[in-house]
Each structure stands twice: as C-alpha cells, then as structure tokens.
Amino acid sequence: MIRTHTCGELRKEHAGQEVTLAGWVQNRRDHGGVMFIDLRDRYGLTQIKLDLDKSEVLELGQHVRNEWVLKVTGKVLERPEDMYNPKMITGQIELDVDSFEVISRSEVIPFETDEYSKAGEEIRMRYRYLDLRRPQMQRNFEVRHKAIAAIRKVMDEQGFLEIETPILGKSTPEGARDYLVPSRVHHGEYYALPQSPQIFKQILMVGGCDRYYQIARCFRDEDLRADRQPEFTQFDLEMSFAEPDDIFAIIENCMAEAFKAGIGAEVKGPFERMDYAAAIRDYGCDKPDLRFDMKLSEITDLVTECGFKVFSAVAASGGVIKALVAKGCQENYSRKDLDGLHEVIKCHGAKGLAWIKILPGGEYNGAPVKFFEKEQLDAIAARTGATEGDIMMFMADTAHIVNNSLATLRNKWGEMENLYKKDDFHFVWITDFPLFEWSEEHNRWESSHHPFTMIHPEDADQLLGAENKKGGNLGGIRSTSYDLVLNGVELASGSVRIHDSEIQAKIFSLLGISEEEAKERFGFFIDALKYGTPPHAGIAPGVDRMVAMMLGYDNIREVIAFPKNQKAMDLMTGAPAGVDEKQLRDLAIQNVAIQQPKKDA
RNA sequence: GGCCGAGUGGCGCAAUUGGUUAGCGUACCAGACUGUCGAUCUGGUGGUCGCGGGUUCGAAUCCCGUCUCGGUCGCCA
C-alpha cells in the first residue's frame, strides 16, 4: 500500500510518528503563510498542514484543487488543545507535511460533494462515481454490507446453504412482466430473467437441499416507484419440513442481527402477529404502521338508519362506513384544513371525507351533526373511542375505497402529528392472506401471492367443489402465507408451499390454467412434485428496502450503487441503448417500432 | 396510461404573480492573509429562463403543444 494509515485512523497516540496518507482533497484553506487541506478517504478526514517553513511544499499546495488525489508524507502533530476540532474524529491531530505528490488531478466537479450539498438526483445519478464519494453514501454501502454479512453469518450458523439459481430462465407468464433475453442459438426463443428464484428454490427442496438461501437479484419489468427498481435484491430462503413459526424465528434472528450489525439498533423478536383480516379491519391495509395506535372503527350498523344520506345510502347499498379518530386535535384543525384532507385521499376514488369534532364540554361540531340524534352521536363516539377534544373522520363507500383512503389518511396523520419516532422499528407479521383475489381486468380469481401457496388448513375443505366465478366463495379462502411489515412497509413475503401434486393440480385448474397449459408452463415443476416432495416453506425479504429503512430513507435508490431512474434508465451508462444491426441479425430480431431518438447520454 | 409537482449561470434556489439591465448562495478564476476547519476579505468570469408555437406595447411569469426529472394511482403472482 502506498499509504501507512487511512484518513480516519490517526489519533493523538500517533503524535510524533512519520506517516503517509493518500486520499482526495475535500477542502483547502489557504492563509498565505499556512495552508490546511482536509484529505478524505473511505475512513474519514484528516487535516494536513502546509507551512511556510517548507516553502516549496506550500508553493505546490497553492495549485491543488478539490477532488485531486494526493499522497502526503509527514509527521503527526497533536494540535494545541484550543485547536481541537470536535467535529472530526481525527480532530485532535494534524499532519505536518514534509512532502506530497499529486497522484491524480480532477476537473472542476459538476456538483458539490460535501455534506451540505443539495445536488438533485439527476445530476447525482449521471455522475454517480462522484456521488458515491460522499461520506453519506459510503456509510450507506457499509451499512448494507454489514447487514448482509450478518444475515450470511446467521444463515451459516443455522445450517443453510447459499446456492445460486439461474439468471437465464424460462418465462412463466404469471405475475409481473418479464425481462426477456433472446437466444442466438434458438431463433425466436427467449430466456426470461427471474422475477424471483421461486420455482428453483422449491425444486432445491425436492432435491433434498433442505435449507437454502441466496442474496438474489430479481427482475420485474413494471413501472417504478421510490421503493421499486426493475432489478432489486431479495434475501431469498426456503426450508424443508418447516412450519411458519420456524421461518419466523429464522427471520427474526436475521433482522435482529442485521439491524444490530448495520446500525446498532436493538430489534427484539418474537415480532407481533396479526392476521390479514384484523389488519384490514383495524388499519385498512395489509401493511399497517404500528409505531402509532389510531385504529379504524366500523360504524356501518350505527348509521343504517340516520338522516345523513351520505351514510345511510352507502350502508343500504352494501358499502361500509368507517371512522378514524384524531386524538386531541380538535383545536388544531380548522374546517378548511379538514376539508383539504380530501386531496390526500381522492387518488383512491374517495368522494369526500366527513368529520365531526367533539368540543370541550362534549358538544358535537361538523356538517353531519344536524342529521343525527344526540344518542346516535354518543353511540358513534363510544364505538370509535372519541372523547372531548378529538376529531372523528368518516368515510362511506365500498370497503375497498374506505380502507384504502383511511389507511392513507392514517399514515398522513401519523406523519403530520409526529405520532412516532423515525428510528423506532416496529415489526409485525401479517398472516393468513386470502389465497385468491378477484381480477377485474381478467374477470376471474387469481392467486394473490403465487399459485404454489398452500391453502390454510382450516379452509382446506372449501376447495372441494369450488368454482372460479364472480361472487363464488374463493374470496373467503385463506392461505398459509405471511408478510413481514416494518413501519408500514412490506419487507418480506412468504408462505408454506404446496408439496402435493394433486393439490397443486387442483389450484391450477381453479385458476383456469388448463392441464396442457400447466404442463407447458410448469410441467417440470409439477413432475418434480410427484417424486417425493418434502413439505416446505420460505420467505424473501427485500434487501434494498430493509437497508433503506435502517438508514431512514423511503427511496431505495440511496442504497443501490447504480440504480435506474423512473423510466428504468441508467443515467450514467445510458442504458438501455440501441445495438448494432449485426447483433440483432445474430438474434433474428428486427425492430418493428421506430426507435425514439434519445437525448444524448 | 392517468393525476400532481418541478425544469432559470456548473450546482442549489429567487424574481413583489405580465413591467426597466433576470437576482442570491455556492462552485469557478484572480488577488490578499501564519491557525483555519462550511475559513475570511477584495475583485471578476459565467444565463437563448428545457424546447417549439401563440396571446400582448411588453412573457421566466399567461395559453397550447412537446421533452426531461420526481412523486403517486393503475400495475408490481
């Protein structure tokens, strides 16, 4: 190594030693007769001093600029006590430079990289290599590494084998859109990049691999979000002879170790559990943020016969009316504020939001009040738990719209009123998801998780004679599945799998996948199930989201070294991009659409 | 695909809501300075207000179209 120490290493114990550092120029402060340069590397900053008594060194220093790479040699000096810099871990020393060498110069950088920089994402992505130099980014990737390393350690101790599965696979046109890779050898045929290693990991169980895991890249060609990238990383695992409790214990252990190793946070298992039905009932969604309380209450039965048509009409038509109570907020929200909340939820199709305040003294205030008897209002308040000083907010619509809207409103309220601490980590297992969900688009029931999910044992007999038609009983059938939710974010999804080829066939037929079709798509898999399949279960936490949560981001691009933008482009490399005609000819591919001319990369 | 927000020197933002020569911070360049640490001080360079069209005596500002970026809904088994 051309250095003897790193820029984060020297302390006053090193005073008097002759050392060599190498790093980037973070900052230069020229006082004429003395100059200070903060030299930066992955490990920290060290102040180096160029003094007039070595005038040739000082002269050289005048030409140095930010982001140049220097190698400096000199003596470590303890600073006079009144010149300690408590903001720097190396702030008690400085390096008195005897000689230095410019290893590499830098052009003027296109955006500032210091800790105060407010550069926008577009410029950061385009010059990601500069962005990555920032201490914050360096920390992000250190945390990510440590968390993953901790997971690998736990999995090793628990006897899991890390096994790789193919990236070039077969398209199984269920679920998300696939990324396709054309075959040069088989013209007109395509590999698909894995949406997850799902089928392979189950086959590993059939193959007796017992305990498998992998830090796996997954690919889904769908529209992106702050927490969704076209390629992302899952901590994928599968266990034979396991029950949900076994999976929960492993993951709780992994999360505890990952959060401890990553950010030093104490996360204790066992995590709280809540079934899907309760989550929807109490929070309106399957990923409740349990850092704060504020449950929904259904009041449909209390308002079926009231003068307030908005409620009674919805109740009569089979909709629901639910309420959300904002404790102690009566004074802080004006009529205008409350009416403005409609903006927050109208994206879910909410037509309006009704509200009633309970004033000090118990008087009700709000537009709907005049349509109710006092006793009715008292009953509603009793049901929702609202008391003096509170605001009751109501939604009346289909269950779907009411739940979505109030869940969004609840999260918004928690944020506005600071009902939780940002660094509080509240995990919860959501269990027993419905096995099927109705697809309006395809006008049929589809798997809500994936078609290999085991039915809930208590609901097994409901599969007999079931039919895939609207209004049928499929919606009520539960699965043995579970999500891990952290602070309102879905971190992982998993289930017990079907290990019986007959049940698997029954599920396929219920899903409207014919025998021939099933054979064509998953024939190898159905065959595999026929040769002695152990019961097995698994789960797959999202690594990007997990690390983002640790660091307090809601944007996973901050914890991915080279992420893509909202249009799935890599602004640094310019991918995706056109290719040579020859490449296309080799693959027997022709462009049918005129390519949009792209902005210069 | 829908909706919302944004686009102004290299970067981050402003422009009293249509009014004179488009400002501020920072970066950059030059100079000064022997203890700074987001150094300071003095001076300076740098802008086709994303692009195209329209309204107007006059447009960064209003209208139409278009492109780009972000958020979100749909979508994401």
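All chains are named by letter (A, B, ...) in the order of the sequence lines, taking the proteins before the strands, and each is independently numbered beginning at 1.
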Discussion item. Is A:Arg225 close enough to B:rG74 that one of its side-chain N or O atoms is under 4.0 Å from OP1 or OP2 there?
Written reply: no
Fill in: From CA spacing to verdict: ring pair (Phe, Tyr, Trp, His ring centres under 6.0 Å), A:Phe433, A:Tyr482
CA-CA 7 Å; A:Phe433 282 75; A:Tyr482 33 81; 9.0 Å; no
Response to the item:
By nearest-heavy-atom nucleotide on RNA chain B, the more 5' of A:His348 and A:Arg65 is A:Arg65
Response to the item:
pair_partner(B:rU45), Watson-Crick or wobble, both distances < 3.5 Å, evaluates to none
Fill in: Under 4.0 Å protein heavy-atom contact, by nucleotide of nucleotides 5-12 of chain B - B base, S sugar-phosphate only
-----BBS
Worksheet item: Taking OP1 and OP2 of B:rC37, is either one under 4.0 Å from a side-chain nitrogen or oxygen of A:Lys49?
Response: no
Worksheet item: How would you label the contact of A:Glu446 with the nucleic acid (heavy atoms, under 4.0 Å): base, sugar-phosphate, or nothing?
Response: nothing
Worksheet entry | Residue pair A:Asp114, A:Ser117: steps toward the side-chain hydrogen bond (donor to acceptor under 3.5 Å, both in side chains) verdict | CA-CA 5 Å; A:Asp114 62 33; A:Ser117 166; 5.2 Å; no
Discussion item. If we check side-chain contact (heavy atoms from CB on, under 4.5 Å) with A:Glu67, which of these qualifies: A:Val25, A:Val108, A:Ile109?
Written reply: A:Ile109
Worksheet item: With a non-hydrogen cut-off below 4.0 angstrom, is A:Arg28 in contact with a base, only sugar-phosphate, or nothing?
Response: nothing
Worksheet item: When we call it a touch if two heavy atoms are under 4.0 Å apart, what does A:Asp30 touch: a base, just sugar-phosphate, or nothing?
Response: base
Discussion item. Would you say that A:Gln47 contacts A:Arg79 through its side chain, given a criterion of any heavy-atom pair below 4.5 Å between the two side chains?
Written reply: yes
Worksheet item: With ring centroids as reference points, do A:Phe232 and A:Phe219 lie under 6.0 angstrom apart?
Response: no
Worksheet item: OP1 or OP2 of B:rC75 sitting under 4.0 Å from any side-chain N/O of A:Arg228?
Response: no
Practice prompt. Just call it for A:Met88: base, sugar-phosphate, or nothing, with non-hydrogen atoms closer than 4.0 Å on any strand.
Written response: base
Worksheet item: C1' atom, B:rC76 versus B:rG65: distance in rounded Å?
Response: 32 Å
Worksheet item: Counting any heavy atom closer than 4.0 Å, what does A:Asp114 reach on the DNA or RNA strands: base, sugar-phosphate only, or nothing?
Response: nothing
Practice prompt. Considering only atom P, compute the distance from B:rG9 to B:rC41 and round it to an integer number of Å.
Written response: 26 Å
Fill in: Same-atom distance (P) from B:rG71 to B:rG25, integer angstrom
32 Å
Item to complete: Examine B:rG71: is either OP1 or OP2 under 4.0 Å from a nitrogen or oxygen in the side chain of A:Gln566? Give yes or no.
Response: yes
Item to complete: Counting Watson-Crick and G-U wobble pairs only, both distances under 3.5 Å, name the nucleotide matched with B:rC24, or none.
Response: B:rG12
Worksheet item: Taking syn as any angle within 90 degrees of 0 and anti as the rest, which one fits B:rU42?
Response: anti
Worksheet item: Passes side chain to side chain contact (heavy atoms under 4.5 Å, CB included), A:His14 versus A:Val19? Steps please.
Response: CA-CA 9 Å; A:His14 296 87; A:Val19 302; 5.7 Å; no
Worksheet item: Which nucleotide, in any strand shown, forms a Watson-Crick or G-U wobble pair with B:rG74, with both distances under 3.5 Å?
Response: none
Practice prompt. Would you please indicate if the ring centroids of A:His348 and A:His400 are separated by under 6.0 Å?
Written response: no
